[in-house]
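Note sheet for the following structure.
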Protein chains: 2
Amino acid sequence: MPKGIPLTEEEQAKRRHEIVDQVVNVFLKKGFQETSMREIAEAAGLGKSTLYDYFKTKDEILLYFFENQIGNLTEAAQKIALQSIPADERLRQVMKIHLEYLQANKSLFMKLSLEAQRLKLESQKQIQRGRHAYQDLIRGLIEEGVREGAFRKVDPLLAARMLINTLVPVVYTSRPTGTTQEMMEETMDIFLKGLQVC
Amino acid sequence: MPKGIPLTEEEQAKRRHEIVDQVVNVFLKKGFQETSMREIAEAAGLGKSTLYDYFKTKDEILLYFFENQIGNLTEAAQKIALQSIPADERLRQVMKIHLEYLQANKSLFMKLSLEAQRLKLESQKQIQRGRHAYQDLIRGLIEEGVREGAFRKVDPLLAARMLINTLVPVVYTSRPTGTTQEMMEETMDIFLKGLQVC
DNA sequence: TCAGTATAGCGAATAGCGGTCGCTTTGCCA
DNA sequence: TGGCAAAGCGACCGCTATTCGCTATACTGA
């Protein structure tokens, strides 16, 4: 980057994005905690202190990454939520892309989603906001299902959280009992059957 | 401790236990990562380097704690598993003590179980062994339920993992929708209904 | 009885971390 | 063309986990 030319806010944002893009692979190999700011700076082709011009702290780098990921997922899920098919079918589809998302970033998420929990409280709140938006989307689908009469009356937010959490062991188990596809289908079967009016 | 007197293996183990006991409260207040070895040593009434005579690394302290916790939980669950009542009722009871366990150590677990994921691979494997033992116990209960005809035929290990993971959001949500008791009961209802032959 | 030895325990030193500071380099603009 | 704001950087700071060499101690065997 040329010196002397002030960056517009947009350019700064783009630069941040580029930096994270270039650095993600290092996180993948070593994990976030184990990657030093010096290494991050090297991977980004920057001096260490220049990095601090774009991210105030190391945590902020992780925060930036997560906001992006959750945002992207929510966006994709929103499109599915708008389709005019039964709510349970939409739920299945959302969970399918959720799973694909997890799988695509598997080792990255495995390492990073856990480290995210150790961020400063304020940063956590910010991630939480994104997470809640996603939870609320799932909740909405469950509420619709209840209204449609497909699901029995359950606490929709609790069910949403439950559903989201059931995906974790599908992807991250060390003792898989089938393909990820199969495991997810059975998981969804159990969950949706648990919601059905019987 | 007097110097010069070699400690038997038992005494060493007891000493480790004592150290962790005295230090847990500090972790509770500050979190593991945020507690320095100097502080841990102080809390244990030891010199910093003496601590290293009992635990090779900082991580090992956390590891020791977790092995104990999972071990205790598994032991308690085993007692329940042996009772002669329907499998689904035993499942409910095991999950109840699991929840109590989580709640009793809530802030500790919230902070520590996540940090545990960042331990050295070898340490993780050791924790994993304990976790698997617990998973297998739950799996056994589900298998019994299937044999008894109370549950439909599902992958018992997958269901076990699913069940264990559904408890997480009950305890650790930032948006509770009722008392922990209530939330857990509804969670179990959904899960068990998902397993029922309908 | 008393040197020899093994070990509990410790303070100081080490390497490397996240983060800061003050300087240099650059290109725009008056 | 000279002044200036901003990009970028290397050296530095205080802290960390961990290691090392030493001391103090009590048991052992001659």
Side-chain angles (χ1 to χ4, degrees), chain A residues 1-20 22-23 26-27 29-65 112 115-116 118-123, chain B residues 1-20 22-23 26-27 30-65 111-112 115-116 118-123:
Chain A
M1 285 293 116
K3 302 180 180 187
I5 313 167
L7 296 179
T8 66
E9 201 131 323
E10 264 184 29
E11 283 170 326
Q12 270 205 23
K14 195 181 159 196
R15 197 102 176 69
R16 269 202 294 273
H17 200 90
E18 282 169 9
I19 291 171
V20 170
Q22 283 180 289
V23 162
V26 184
F27 291 161
K29 274 207 199 90
K30 302 198 48 174
F32 176 74
Q33 194 71 19
E34 288 68 27
T35 307
S36 71
M37 284 303 264
R38 187 179 48 75
E39 287 171 308
I40 295 174
E42 261 171 34
L46 256 52
K48 188 161 73 128
S49 46
T50 306
L51 200 52
Y52 280 89
D53 292 338
Y54 291 99
F55 299 96
K56 279 197 279 283
T57 63
K58 193 186 179 192
D59 279 1
E60 212 172 79
I61 301 176
L62 200 59
L63 176 66
Y64 185 86
F65 172 78
L112 300 192
E115 316 205 1
R118 298 197 320 87
L119 296 175
K120 295 249 163 66
L121 212 73
E122 209 183 332
S123 307
Chain B
M1 284 294 116
K3 303 179 180 186
I5 313 168
L7 296 179
T8 66
E9 201 131 322
E10 264 185 30
E11 283 170 327
Q12 271 205 22
K14 195 180 159 196
R15 197 102 176 68
R16 271 203 294 273
H17 199 91
E18 282 169 9
I19 292 172
V20 170
Q22 283 179 290
V23 161
V26 184
F27 291 162
K30 303 198 50 177
F32 176 74
Q33 194 71 20
E34 289 69 26
T35 307
S36 70
M37 285 302 266
R38 187 178 47 73
E39 288 170 308
I40 295 175
E42 262 170 34
L46 255 53
K48 195 162 60 132
S49 46
T50 307
L51 202 52
Y52 280 88
D53 292 337
Y54 292 99
F55 299 97
K56 278 195 281 283
T57 64
K58 194 186 178 190
D59 279 0
E60 212 173 81
I61 301 176
L62 201 59
L63 175 66
Y64 186 86
F65 172 78
K111 294 187 180 190
L112 302 192
E115 315 201 4
R118 299 196 316 87
L119 296 176
K120 297 247 165 65
L121 210 74
E122 208 184 333
S123 307

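In what follows, chains carry the letters A, B, and so on, assigned in the order in which the sequence lines appear, proteins first and then strands, with residues in each chain numbered from 1.
- The distance from atom CD of B:E60 to atom C1' of D:dA17 is 14 Å, rounded to the nearest whole Å.
- If you take OH of B:Y54 and C1' of D:dT18, they are 18 Å apart, rounded to a whole angstrom.
- At least one side-chain nitrogen or oxygen of A:T50 sits closer than 4.0 Å to the OP1 or OP2 atom of D:dC9.
- Between A:L51 atom CG and D:dA7 atom C1' the separation is 13 Å, expressed in whole Å.
- Shown here are the side-chain contact (heavy atoms from CB on, under 4.5 Å) partners of B:S36, two or more places apart in sequence or in another chain: B:R38, B:E39.
- For the atom pair A:T50 OG1 and A:Y54 OH, the distance stands at 8.0 Å (nearest 0.5 Å).
- Remark: B:E11 does not engage B:K14 in a salt bridge, criterion side-chain N to carboxylate O under 4.0 Å.
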Once base and sugar-phosphate atoms are separated, protein heavy atoms under 4.0 Å mark nucleotides 12-19 of chain C, 5' to 3', with B, S and - as -B---SBB

Begin from the C-alpha positions of A:F27 and A:I61 and carry the test side-chain contact (heavy atoms from CB on, under 4.5 Å) through to its verdict.
CA-CA 11 Å; A:F27 291 161; A:I61 301 176; 4.1 Å; yes

Could you go step by step and tell me if A:F55 and A:V20 meet the side-chain contact (heavy atoms from CB on, under 4.5 Å) rule?
CA-CA 10 Å; A:F55 299 96; A:V20 170; 3.7 Å; yes

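- Rounded to an integer number of Å, the gap from CD1 of B:I40 to P of D:dA17 is 7 Å.
- If you take CG of A:D53 and C1' of C:dT25, they are 14 Å apart, rounded to a whole angstrom.
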side-chain contact (heavy atoms from CB on, under 4.5 Å) assessment of A:K58 paired with A:I40:
CA-CA 9 Å; A:K58 193 186 179 192; A:I40 295 174; 4.3 Å; yes

